[in-house]
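Written below as structure tokens is the structure these notes are about.
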2 protein chains.
Amino acid sequence: MTVSKTAEKSSEKPADPAKGRKDAAEPQAEALQLGELSEQLGYVLKRAQLKVFENFLRCMASLQLTPAQFSVLLLVEKNPGRNQTEIASTLGILRPNFVAMLDNLESRDLCARIRSTNDRRSHILVLTDKGKAVLARAKKLVATKHEARLNDLLGQANREALIGMLSKIANEF
Amino acid sequence: MTVSKTAEKSSEKPADPAKGRKDAAEPQAEALQLGELSEQLGYVLKRAQLKVFENFLRCMASLQLTPAQFSVLLLVEKNPGRNQTEIASTLGILRPNFVAMLDNLESRDLCARIRSTNDRRSHILVLTDKGKAVLARAKKLVATKHEARLNDLLGQANREALIGMLSKIANEF
DNA sequence: CGATATTTGATATGGTCCATAACAATTATC
DNA sequence: GATAATTGTTATGGACCATATCAAATATCG
């Protein structure tokens, strides 16, 4: 009863005051003031990103795909025949860190490494049939349960504006 | 010459083809297609967040403040007299992980832990004079070099709309 | 009052992600 | 053909995050 298991921070007990302690010397003392923090771009961005990833993982629980894994599958599907270095660098993943990721996806038979005939150093990446099927299901889950949630929250126009602004920041900041 | 030192991913060498190898069998093969990835909320959010944090660190290089440290100073200034648990949980930091953070800030004489007289278990947090001064300078740097950059990029109205939407996501997603 | 439970700060520890160095195999360059 | 560069890989360390556990202090309740 100490804490729950995972991914549960606050919103447990507001430690409700006015319970009848010694006296009524401190009637207030409750929620903290965020102040300028709520206007800080980085703060709000990080918080939003954590929430979005959290929701993504919940939506993908049945397929056991992380955001990073999903992005790899998407990119390999869109660019079949590329090697590890190309896929990894496009996603901002360093080659050494990409190895374990691919080991995982390959062990689950979602994608495959194929030795290139042109350059026998490199591994060509392709999706397996299972990988394609899983990705198709993943896309539906993301569209239905994840991205749709944005429309409910912001509306179609705002959602597109948000994506556009974030892209601009990601590319030009 | 293997790679640069830090924070330099791609945009190094497109490995320009058409250089004259064996034959001219593969004339294309260049930039990868992002495809649906550029429309994925989580992907764009994460990319934007990384860029913003990167820029934040550059702006704060002279003060050696990370986004997390800045947020702690801001929150302690706005809510003096709160204890570690309150400050940490408000920022989504787990108490165990907050200890080292405070050790750092306290060793730099930016904030101080004071044993509470009401509850001798808890440590009241306050900013030192140096902490207040550093935070004041940090605020100016953030406003001048960091947040201002958003206005240049998006414009005042869009910047406010973006912050608003991100807050909404952070709170209601 | 006194026994038990809870809270607070702290330590230890493990997991994940990120970054660098270094290596063997292969290819490019000269 | 000798040297340099590239590709995938391993090893490794750091930063961040999460849980269990502890001692001190406090709260709760018989």
Side-chain angles (χ1 to χ4, degrees), chain A residues 1-10 12-17 19-22 46-47 49-50 53-54 57 66-69 71-72 82-89 91-104 106 112-125, chain B residues 1-10 12-17 19-22 46-47 49-50 53-54 57 66-69 71-72 82-89 91-104 106 112-125:
Chain A
M1 202 189 259
T2 52
V3 178
S4 67
K5 230 162 265 192
T6 57
E8 287 287 302
K9 265 97 182 193
S10 53
E12 288 276 13
K13 295 174 187 171
D16 54 339
K19 194 78 172 294
R21 289 236 287 279
K22 295 180 177 181
K46 176 94 175 292
R47 285 320 256 275
Q49 185 258 320
L50 289 175
F53 270 43
E54 197 179 306
L57 288 174
T66 68
Q69 290 168 338
S71 69
V72 170
R82 299 302 192 123
N83 65 24
Q84 296 184 197
T85 296
E86 292 172 312
I87 298 292
S89 78
L91 292 174
I93 303 173
L94 294 174
R95 274 67 80 222
N97 299 328
F98 195 48
V99 174
M101 252 188 97
L102 272 186
D103 289 346
N104 182 335
E106 202 174 22
R113 297 184 240 223
I114 304 177
R115 291 225 88 100
S116 169
T117 53
N118 297 338
D119 186 341
R120 292 182 45 227
R121 291 170 297 186
S122 59
H123 290 169
I124 294 311
L125 298 181
Chain B
M1 203 186 259
T2 52
V3 177
S4 65
K5 230 163 266 190
T6 57
E8 287 289 301
K9 263 94 184 198
S10 56
E12 289 275 14
K13 295 176 188 171
D16 53 342
K19 193 76 170 297
R21 289 236 288 277
K22 295 181 179 181
K46 176 94 176 289
R47 286 317 257 265
Q49 186 257 319
L50 289 175
F53 270 43
E54 197 178 306
L57 288 175
T66 68
Q69 291 168 337
S71 70
V72 170
R82 298 303 191 122
N83 65 25
Q84 297 184 197
T85 297
E86 292 172 310
I87 297 292
S89 79
L91 292 174
I93 303 173
L94 294 174
R95 274 68 81 221
N97 300 328
F98 195 48
V99 174
M101 251 189 99
L102 271 186
D103 287 348
N104 182 336
E106 203 173 20
R113 297 184 239 223
I114 304 178
R115 292 224 88 100
S116 169
T117 53
N118 297 337
D119 186 340
R120 293 181 45 225
R121 290 171 297 188
S122 59
H123 289 168
I124 292 313
L125 298 182

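The sequence lines fix the lettering, A, B, ..., with proteins before strands; numbering per chain opens at 1.
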Can you name the side-chain hydrogen bond (donor to acceptor under 3.5 Å, both in side chains) partners of [X], sequence neighbours left out?
| X | result |
| --- | --- |
| A:Asp119 | A:Arg121 |
| A:Arg47 | A:Tyr43 |
| A:Glu86 | A:Arg82 |
| B:Asn97 | none |

Shorter than 3.5 Å, N or O on both sides, protein versus nucleotides 9-11 of chain D: list them out with atom names.
{"from": "D:dT9", "atom 1": "OP1", "to": "A:Arg113", "atom 2": "NH1", "distance (Å)": "3.2"}
{"from": "D:dT9", "atom 1": "OP2", "to": "A:Gln84", "atom 2": "OE1", "distance (Å)": "3.0"}
{"from": "D:dT9", "atom 1": "OP2", "to": "A:Gln84", "atom 2": "NE2", "distance (Å)": "2.9"}
{"from": "D:dT9", "atom 1": "OP2", "to": "A:Arg113", "atom 2": "NH1", "distance (Å)": "2.6"}

Short side-chain N/O contact to C:dG9 OP1/OP2 from B:Thr85, under 4.0 Å: yes
Protein-nucleotide distance ([X], atom [atom1]; [N], atom [atom2]), rounded to Å:
| X | N | atom1 | atom2 | result |
| --- | --- | --- | --- | --- |
| A:Arg82 | D:dT7 | CZ | C1' | 15 Å |
| B:Asn104 | D:dG14 | CG | P | 16 Å |
| B:Ile114 | C:dT8 | CD1 | P | 18 Å |
| B:Gln69 | D:dC16 | CD | P | 8 Å |
| A:Phe98 | C:dA19 | CZ | C1' | 17 Å |
| A:Ile93 | D:dG8 | CD1 | C1' | 15 Å |
| B:Leu94 | C:dA10 | CG | C1' | 14 Å |
| A:Met101 | C:dC18 | CE | P | 9 Å |

Those residues that, when tested against B:Arg120, pass salt bridge (Lys or Arg N to Asp or Glu O under 4.0 Å) (two or more places apart): none
Residues in side-chain contact (heavy atoms from CB on, under 4.5 Å) contact with A:Leu50, at least two apart in sequence or another chain: A:Lys46
Earlier contact from the 5' end, DNA chain D, for A:Lys46 and A:Glu86: A:Glu86
Distance in Å, A:Ile87 CD1 paired with A:Leu102 CG, rounded so as to fall on 0.5 Å steps: 9.0 Å
OG-CG distance between B:Ser122 and B:Asn83, expressed to the nearest 0.5 angstrom: 5.0 Å
Just the atom pairs and distances: protein N or O near nucleotides 23-26 of chain D's N or O, under 3.5 Å.
{"from": "D:dA25", "atom 1": "OP1", "to": "B:Arg120", "atom 2": "NH2", "distance (Å)": "3.3"}
{"from": "D:dT26", "atom 1": "OP1", "to": "B:Arg120", "atom 2": "N", "distance (Å)": "3.0"}

B:Val99 versus B:Arg113, closest heavy-atom pair with distance: O-NH2, 3.8 Å
